[in-house]
Every structure is written in structure tokens, then in C-alpha cells.
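Take a look at the structure below.
A quick note: this is a predicted structure, and the numbers were derived from the prediction, not measured. Naming convention: chains lettered A, B, ... in sequence-line order (proteins, then strands); numbering from 1 in each chain.
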There are 2 protein chains.
Amino acid sequence: MATRARRAERREEPLSRERIVEAAIGILDTVGEAGLTFRVLAERLATGPGAIYWHVSGKDELLGAATEVVVAGTVLGGDAGASPQEATRALALRLFDAIDAHPWIGTQLARSPGQSPMLQVFEQLGRQVQALGVPRPARFTAASALLNYILGVGGQNAANAHGQESEKNRTEFLDTVAATWASLDPEEYAFTRDVAEQLRDHDDRAEFLAGIDLILAGIAASRDERRS
Amino acid sequence: MATRARRAERREEPLSRERIVEAAIGILDTVGEAGLTFRVLAERLATGPGAIYWHVSGKDELLGAATEVVVAGTVLGGDAGASPQEATRALALRLFDAIDAHPWIGTQLARSPGQSPMLQVFEQLGRQVQALGVPRPARFTAASALLNYILGVGGQNAANAHGQESEKNRTEFLDTVAATWASLDPEEYAFTRDVAEQLRDHDDRAEFLAGIDLILAGIAASRDERRS
DNA sequence: ACCTGAACACCGTTCAAGT
DNA sequence: ACCTGAACACCGTTCAAGT
């Protein structure tokens with residue numbers, strides 16, 4: 001019996017790059033990066049592992065394609081009437097939320113240097129930097145600083161495996177970290193101990209945004225200094 | 001014949017956590033992260049894979065320990081007479097160079113959230129932030145911004161697999177990227193195309209430092225704003 | 001053209017057996 | 001206490017064979 005006929009019987013669509021990437025995203029979001037296996041993916045798609053290789057060259061491309069889909073969906077769509085500062089903050093927050101919802105892109109974004117997903121982010125950041133009035137030679141540095149900061153936070157979020165959904169686990173987690181920090185060697189970790197207390201009512205999102213604002217302030221300061 | 005006697009005959013030291021971590025660093029530096037295998041590591045140590053598990057709980061701990069050794073060696077040792085700005089820049093540069101020499105710590109640093117290596121960096125950055133005169137409640141944000149930026153750049157350096165040692169390959173690589181950027185869709189990638197030319201004489205280290213300066217400028221601006 | 005699934009060449013990790 | 005190395009349970013990827 002032909003494959004097509006069997007699929008039709010089970011009311012399944014034929015295999016396609018798009019369906020494969022979609023299924024991969026589903027697995028990544030639910031089971032995490034370590035859970036994405038060609039065998040698991042093949043099972044979910046009701047086929048064998050080899051079939052996937054007809055549509056996708058390997059795991060790297062698959063992860064890249066998955067990242068591209070998610071990033072493309074979050075990078076665009078800013079408010080047209082917003083100021084450059086507001087637009088930058090909004091873009092950064094959209095990326096933060098995307099990484100929060102799909103922690104694996106935090107790892108993946110950093111791994112695709114000149115690749116499409118990172119370039120998409122860089123492009124949008126660069127446009128805002130330009131709109132901020134940064135002179136041409138300083139734009140690359142400003143956009144890169146924003147990008148690298150976002151990538152850094154993204155990597156942290158991915159590493160922290162934000163899997164602990166509930167708010168309770170969240171505060172529990174922060175309490176544990178705060179307690180650990182407070183118990184560090186007083187001489188070796190004087191600063192860390194000193195700020196440990198602040199960690200208990202810590203809002204990742206707000207903290208992320210505060211970092212963006214710091215860089216934006218630096219951009220503004222450098223720009224104004226040049227003018228005078 | 002006892003193991004000890006055999007080792008003595010071959011003039012080998014006995015296995016130890018320290019020797020294992022040292023050997024792992026050697027492999028990581030030469031063959032890269034993918035080249036570090038328990039079988040390869042065991043061969044280099046003239047033993048079986050299982051022996052390593054007596055001294056180290058697993059691969060994660062091994063990578064963590066290797067990162068800790070390298071980071072501990074680079075985080076300390078700043079000039080005592082330097083200003084906080086200079087000290088911050090020097091610390092950041094030391095980290096940049098360490099990541100450049102051992103690209104794998106770029107990946108690894110990001111993966112150890114509350115772990116020792118990251119905390120060591122955070123602590124040193126925090127001390128400089130404090131020395132910069134940043135008020136207490138703003139210190140955490142400032143230190144985090146610096147840290148996340150450094151982690152972001154580190155991840156990029158690791159991804160770019162700076163393996164291409166020679167200077168020639170370096171400029172060749174930049175030329176290729178610049179050419180790729182210049183050929184992007186003019187509407188979709190207007191900004192990236194515009195800055196592509198700057199990429200040809202691009203100094204990673206200087207660019208990294210410029211980003212640090214941007215954040216330092218932001219920190220100074222925020223601090224002074226609060227004062228007035 | 002597209003799919004199947006056994007097979008290959010690897011992993012990290014375990015563990016009975018040795019010294 | 002420490003080491004050995006075969007064995008286990010996985011990987012990503014390939015490929016002859018099918019439809």
C-alpha cells in the first residue's frame with residue numbers, strides 16, 4: 001500500500017519541512033532541548049528517523065530553522081508611533097518574553113553567529129539605534145552592545161531552565177539563591193553577600209529592562225558628548 | 001602487579017581530580033568542546049573511562065571544574081592603583097582574552113547560573129560598580145548589565161569558534177561576512193547592509209571594550225542623574 | 001520522489017571484577 | 001581505596017530497500 005494512501009487513511013498530512021520544524025518546536029517547548037531526538041521526533045510524526053533527513057540536513061539545521069521561526073515571529077510588529085527608546089524597549093521585551101516562553105532559543109541564538117535569526121535581531125536593533133540619532137560610525141557598537149546584552153540574558157534564562165512554571169517555585173528558587181549568596185565567604189564575596197537581600201523580590205523582566213535602559217543611557221550620553 | 005607500581009614504572013603520577021581537570025582543559029583548548037570525550041580523556045590519562053568517575057561525578061562537573069580553574073586565574077590580579085573605570089575595563093579585557101584563548105568557557109560560563117565561576121565574575125564586577133559610586137539599590141542592575149554583556153560576547157566568541165588562528169583567516173572571514181551582509185535584501189536588511197563596510201577593519205577586542213565603555217557611560221549617567 | 005527502519009559509529013555512564 | 005574495561009542505554013546519521 002502506498003505511503004500516501006496510508007497517510008490519507010490516518011488523515012495525516014504528508015511530511016514536510018514545515019511540519020517537521022513545527023513538531024520540533026513543540027518538543028523543544030515541552031520536553032526541552034535534551035528531549036529533542038530524531039527518534040522522538042520521528043515517532044511524533046509517525047515515521048522513521050531517516051525520513052526526516054529527506055527534508056532537513058541534520059539536527060543543527062533543524063534547531064536553526066526552529067529558532068528562525070520563533071524569532072521571525074517576535075522581532076517584527078513594533079508600534080509605529082513609538083519613540084526610538086520605546087521601540088527599543090518594546091523590541092527587547094518581546095525578545096525577552098520569547099526566550100522566556102522558549103528557553104532553548106536563548107542557547108540557539110548565541111550559536112548562530114552570522115545566521116538569519118541573529119541578523120534579524122541585529123537589524124531591528126540597528127534601526128532603532130539609527131533612529132536614536134547615533135552617528136554612523138558609532139551605530140555598530142551601539143547595536144552590538146544591545147544585542148550582546150540580550151544574548152547574555154537569553155543564555156542565562158536558558159541555563160536557569162525556567163521550567164519551574166509556578167510562581168511559588170519561582171520565589172522558592174530566589175530564596176534558595178539568596179540564602180546561598182548570604183552564606184558565602186564574607187571576604188571573598190563581600191559584594192555578592194551585600195546584594196543577596198535584593199534578590200528576594202527580584203523581577204527578571206524588570207531587571208532585564210533596567211539593563212536595556214542603562215545601555216540606552218550610555219548611548220545617549222556618548223551621542224551628546226560627541227555633539228558638544 | 002599493583003596499579004601504583006605500574007604507574008611508578010611509567011613515571012606517572014596517580015590519577016587525581018586536579019590531573020583530570022588539567023587534561024580536560026588541554027583537550028578542550030586543542031580539540032574543542034566536541035572533542036572532549038571520556039574515552040579520549042581516559043586514553044590521555046592512560047586509564048579506563050570508569051576511573052575518571054571515581055574522582056569526578058560526570059561530564060557537567062568536569063566542565064564546571066575546568067571553567068572554574070580558568071576563570072579563577074583570570075578574574076583576580078587587577079592593578080591596585082587603577083580607577084574603577086580602568087579596573088572594570090581591565091577585568092573585562094582579561095575575561096575577553098581568556099574566552100578568546102579558551103572559547104569553550106564562553107559557552108560554559110553561561111550554563112552555570114549560580115555556580116562559582118559566574119559568581120566570581122559577578123563579585124569582581126560588583127566591587128568596581130560599588131567603587132564607581134553607584135548607589136546601593138542600583139548596583140545589582142549595573143553589575144548584571146556588565147556581566148550579561150560579557151556573557152553575550154563570550155557566547156558569540158565561542159560560537160564563532162575562533163579556531164581560525166591566523167590573522168589571514170581572520171580578515172578572510174570578516175571579508176566573507178561583510179560580503180554576505182552587503183548582499184542581503186536592501187529593504188529587509190537596510191541597517192545591516194549599511195554597516196557591512198565597517199566590518200572589514202573590525203577589531204573584536206576594541207569593539208568589545210567600546211561596548212563596556214557604553215555601559216559604563218550609562219552607569220555614570222544614571223548615577224549623576226540621581227544626584228541632581 | 002519520498003519513506004522505512006535496521007545498522008553504524010559513536011556517546012556518557014555503570015558496575016562487577018580486580019589490585 | 002582506587003582502578004579496569006566490558007557492557008548498557010542511548011545518541012545522530014546513513015543507506016539499501018521499498019512504494
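Atoms CD (B:Glu61) and P (C:dT13) sit 11 Å apart, rounded to a whole Å. Straight-line distance from the CZ atom of A:Arg17 to the P atom of C:dC2: 14 Å, rounded to whole Å. Nucleotide C:dC11 holds its C1' atom 8 Å from the NZ atom of B:Lys59, rounded to whole Å. Summarising the geometry, the separation between CG on A:Leu15 and C1' on C:dC2 is reported as 9 Å, rounded to the nearest angstrom. In this structure, B:Ile52 places its CD1 atom 14 Å from C1' of C:dT14, rounding to the nearest Å. Counting to the nearest Å, the P atom of D:dG12 and the CD1 atom of A:Ile20 are 14 Å from each other. The interatomic distance linking A:Glu43 (CD) with D:dG12 (P) rounds to 14 Å, in whole Å. Following rounding to the nearest Å, A:Leu62 (CG) and D:dC11 (C1') show an atom-to-atom distance of 15 Å.
Residues satisfying the ring-ring contact (aromatic ring centres under 6.0 Å, His included) test with B:Tyr189, not counting sequence neighbours, are none. Here B:Glu197 pairs with B:Arg200 under the salt bridge (Lys or Arg N to Asp or Glu O under 4.0 Å) rule; sequence neighbours left out. For B:Glu207, the side chain to side chain donor-acceptor pair (under 3.5 Å) partners two or more places apart in sequence, or in a different chain, are A:Thr141. Under the salt bridge (Lys or Arg N to Asp or Glu O under 4.0 Å) criterion, B:Arg193 pairs with no residue, sequence neighbours left out.
Judged purely by atom type and a 3.5 angstrom limit, B:Arg139 has no side-chain atom pairing as donor or acceptor with the backbone of B:Arg127.
Interface residues of residues 26-38 of chain A facing DNA chain D, ordered by number: A:Leu36, A:Thr37, A:Phe38; criterion, heavy-atom separation under 4.0 Å.
Within the model, atoms OG1 of B:Thr88 and CG of B:Leu93 stand 11.0 Å from one another, a figure rounded to the nearest 0.5 Å.
Pairing analysis of DNA chain C (Watson-Crick: purine N1 to pyrimidine N3 plus N6-O4 or O6-N4; G-U wobble: N1-O2 and O6-N3; both under 3.5 Å) yields stems of 3 or more pairs at C:4-8 with D:12-16, C:12-16 with D:4-8.
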Given side chain to side chain donor-acceptor pair (under 3.5 Å), test B:Gln120 with B:Ser116 step by step and report yes or no. CA-CA 6 Å; B:Gln120 286 181 52; B:Ser116 163; 3.0 Å; yes
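For D:dA1, the OP1/OP2 oxygens have no side-chain nitrogen or oxygen of B:His55 closer than 4.0 Å. Close to C:dC3, at under 4.0 Å from its OP1 or OP2, lies no side-chain N or O of A:Trp54.
Between A:Phe122 and B:Trp181, the ring center distance clears the sub-6.0 Å criterion.
The neighbour count for B:Glu61 CD, taken as heavy atoms of other residues, nucleotides or ligands under 6.0 Å away, is above 12.
Residue A:Pro49 is the one, among A:Pro49 and B:Asp60, whose nearest nucleotide of DNA chain C lies closer to the 5' end (criterion: closest heavy atom). Nucleotides of DNA chain D nearest to A:Arg39 and A:Ala51 differ in position, and the one nearer the 5' end is that of A:Arg39.
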